[in-house]
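Note that the structure is predicted; figures quoted are calculated from it, not measured. Counting convention: from 1, in listed order, for ligands and their atoms alike. Hydrogens, waters and symmetry mates play no part in the numbers below; they use all other heavy atoms, side chains included.
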Amino acid sequence: MQTPVSLIHFSPTGNSRTVAQTMAAAIGAVKDTLDLTLETRPERVYAAEDFVIVSAPVYGGRVPQVAMERLARVQGTQTPAIVVVTFGNRDYDDALLELADWAAAHGFVVKGACAVVGRHTFGEIATTRPDSADRAQCEDFARRALAAEPLSLEQISGHRPYKDGGKGGKFRPTTTEACTHCGLCVRSCPVQAIAEDCCTIADTCISCFRCIRSCPVQAKECVSPDYLAFAPMFTQKLAARQENRFFLQETK
Ligand SMILES: Cc1cc2nc3c(=O)[nH]c(=O)nc-3n(C[C@H](O)[C@H](O)[C@H](O)COP(=O)(O)O)c2cc1C
Ligand code: SF4
Ligand code: SF4
């Protein structure tokens, strides 16, 4: 049977969106999408008949603060849900527990929780992930979660109080002369940090690198001395493949 799935995601560079869409396709079809990357003050109530997949990246071991703020007026009505975080091959620390706690406190019944590796924003880490093996695991997990019992959140790794994190990074993109002033990055910056001149970037930038990845003429880059020193070192440190983690309570 095809299950209609509602997606809620914050996903500046697309990993969290891709994983959620892969899961949705495995169990049914996407009914609607709440894109927290662009919707800054959404209000939404989901019904008990809905099935929701909520996904977000890990920033410093936490869910990005901006994503948590945008989730504040999103509510379930005993709505079954899968919670997903994607992380860049380092660790997800307390982020998955944080997102599961949010879901339980907002009227969702958590049927499954998972942390999936995606390409890291910085350096050249896990550049091909999520790959076909990750996608197969996610598909299998989504089918099992649909039929699973409610998950006891105590099974999810992580600690309360959560570690300090979720704030975004210190690296700032710059703009080259190749910029055509098309305005795409201005419109799609999750925190509206790029001024109308398409170049000036405010301190509210969270270093998500969405502007760098999505510029059609590769005019956005990060070439600050601190980033150029950090990126290769970080790439080398996180070279070993990390596995995904899946939590569910199978029906007996
Ligand atoms: C500011 C910042 C902090 C990050 N912190 C972590 C982290 O603590 N652990 C990790 O493994 N990856 C970390 N990452 C990488 C992202 O979690 C990873 O690339 C994620 O899949 C991006 O999701 P998205 O494509 O949906 O935006 C961080 C990325 C950024 C921009
Ligand atoms: S997306 Fe690229 S070309 Fe378009 S305004 Fe931004 S930097 Fe310039
Ligand atoms: S300006 Fe900063 S916050 Fe905005 S898209 Fe670029 S990296 Fe992300």
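Selection from Val63, Thr86, Val58 by nearest heavy atom to atom 28 (C) of ligand 1 gives Val58. Taking all heavy atoms of Val66, Ile194, Val191 into account, the minimum distance to atom 1 (S) of ligand 3 is reached by Ile194. Remark: among candidates Cys208, Cys205, Ala193, the nearest residue to atom 2 (Fe) of ligand 3 is Cys205, based on non-hydrogen atoms.
What sits closest to atom 4 (Fe) of ligand 3 on the protein, heavy atoms only, is Cys189 SG, 2.3 Å. In terms of protein heavy-atom proximity, atom 3 (C) of ligand 1 is nearest to Tyr59 CA, 3.4 Å. Of the protein's non-hydrogen atoms, the one nearest atom 5 (S) of ligand 2 is Gly183 N, 3.3 Å. If you check which protein heavy atom lies closest to atom 23 (O) of ligand 1, you get Pro57 CB, 3.1 Å. The single protein non-hydrogen atom nearest to atom 3 (S) of ligand 3 is Ile206 N, 3.4 Å, given as residue, atom name and distance. For atom 19 (O) of ligand 1, the closest heavy atom belonging to the protein is Arg119 O, 2.7 Å. Nearest non-hydrogen protein atom to atom 7 (S) of ligand 2 is Lys220 NZ, 3.4 Å. From the protein, the heavy atom lying nearest to atom 10 (C) of ligand 1 is Gly88 N, 3.3 Å. Of the protein's heavy atoms, Thr13 OG1, 3.4 Å lies nearest to atom 24 (P) of ligand 1. Shortest contact from atom 1 (C) of ligand 1 to any protein heavy atom: Gly169 N, 3.3 Å. The closest protein non-hydrogen atom to atom 29 (C) of ligand 1 is Thr121 OG1, 3.3 Å. Of the protein's non-hydrogen atoms, the one nearest atom 8 (Fe) of ligand 2 is Cys179 SG, 2.4 Å. For atom 8 (O) of ligand 1, the closest non-hydrogen atom on the protein side is Arg90 NH2, 2.9 Å.
Of the heavy atoms in Ser207, only backbone atoms (N, CA, C, O) come closer than 4.0 Å to ligand 1. Only the side chain of Cys198 comes within 4.0 Å of ligand 2, counting heavy atoms alone; its backbone N, CA, C and O stay farther away. Contacts between Asp91 and ligand 1, counted as non-hydrogen atom pairs separated by less than 4.0 Å, involve the backbone only.
In terms of N/O distances under 3.5 Å, ligand 1 is not approached by Cys208. Looking at ligand 1, you'll find an N or O of Pro12 within less than 3.5 Å of one of its N or O atoms. For ligand 1, the polar-atom distance check finds no N/O of Asp93 at less than 3.5 Å from any of the ligand's N/O atoms. Looking at Gly61 next to ligand 1, an N or O pair under 3.5 Å apart turns up.
Below 30°, between 30° and 60°, or above 60°: for Phe122 and Tyr227 the angle between ring planes is above 60°, a perpendicular geometry. Phe230 and Phe171 have tilted rings, their planes meeting at an angle from 30° to 60° on a 0 to 90° scale.
Residue Cys211 places every heavy atom at 4.0 Å or more from ligand 2. Using a 4.0 angstrom heavy-atom cutoff, Tyr92 does not count as in contact with ligand 1. Using a 4.0 Å cutoff on heavy atoms, Pro12 does not count as a contact of ligand 3.
The Thr180 neighbourhood of ligand 2 comprises atoms 3 (S), 8 (Fe), with distances under 4.0 Å to a heavy atom of that residue. Less than 4.0 angstrom separates some heavy atom of Val217 from each of these atoms of ligand 2: 3 (S). Of all the atoms in ligand 3, the ones that sit under 4.0 Å from a non-hydrogen atom of Phe209 are 7 (S), 8 (Fe). Atoms of ligand 2 found under 4.0 Å from any heavy atom of His181, numbered from 1 in the order shown, are 5 (S), 8 (Fe). When each atom of ligand 2 is checked for a heavy atom of Pro216 under 4.0 Å away, the hits are 1 (S).
Glu39 CD: more than 12 foreign heavy atoms inside a 6.0 Å radius. The number of heavy-atom neighbours closer than 6.0 Å to CZ of Arg41, taken from other residues, nucleotides and ligands shown, is 12 or below. Surrounding CG of Asp197 are more than 12 heavy atoms belonging to other residues, nucleotides or ligands, all under 6.0 Å away. More than 12 non-hydrogen atoms from other residues, nucleotides or ligands lie less than 6.0 angstrom from NZ of Lys163.
Exactly one of Leu34, Ile8, Leu7, Val5 qualifies for a side-chain contact (heavy atoms from CB on, under 4.5 Å) with Val52. That residue is Ile8.
In terms of heavy atoms, Val117 sits closest to Ala126 at CG1-CB, 4.0 Å. Closest approach of Ile125 to Gly88, counting heavy atoms only: CG2-O, 3.5 Å. Here the closest heavy-atom approach between residue Lys220 and residue Cys185 is recorded as NZ-SG, 3.8 Å.
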Between Tyr92 and Ser157, is a side-chain hydrogen bond (donor to acceptor under 3.5 Å, both in side chains) present by the stated rule, with each step listed? CA-CA 9 Å; Tyr92 57 96; Ser157 58; 2.7 Å; yes
Show your reasoning for whether side-chain contact (heavy atoms from CB on, under 4.5 Å) applies to Asp35 and His9. CA-CA 5 Å; Asp35 186 357; His9 48 67; 3.8 Å; yes
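Between the OG atom in Ser152 and the CD atom in Gln249 there is a gap of 7.5 Å [rounded to 0.5 Å].
With hydrogens and angles left out, the side-chain atoms of Thr128 and Arg119 include no donor and acceptor closer than 3.5 Å. Judged by distance alone, the side chains of Ser11 and Thr37 never bring a donor and an acceptor atom under 3.5 Å apart.
Thr40 places a side-chain heavy atom less than 4.5 Å from the side chain of Arg70.
At least one N, O or S atom of Cys185, from either the backbone or the side chain, sits less than 2.8 Å from atom 6 (Fe) of ligand 2. Residue contacts to atom 4 (Fe) of ligand 2: Cys182 brings an N, O or S atom closer than 2.8 Å.
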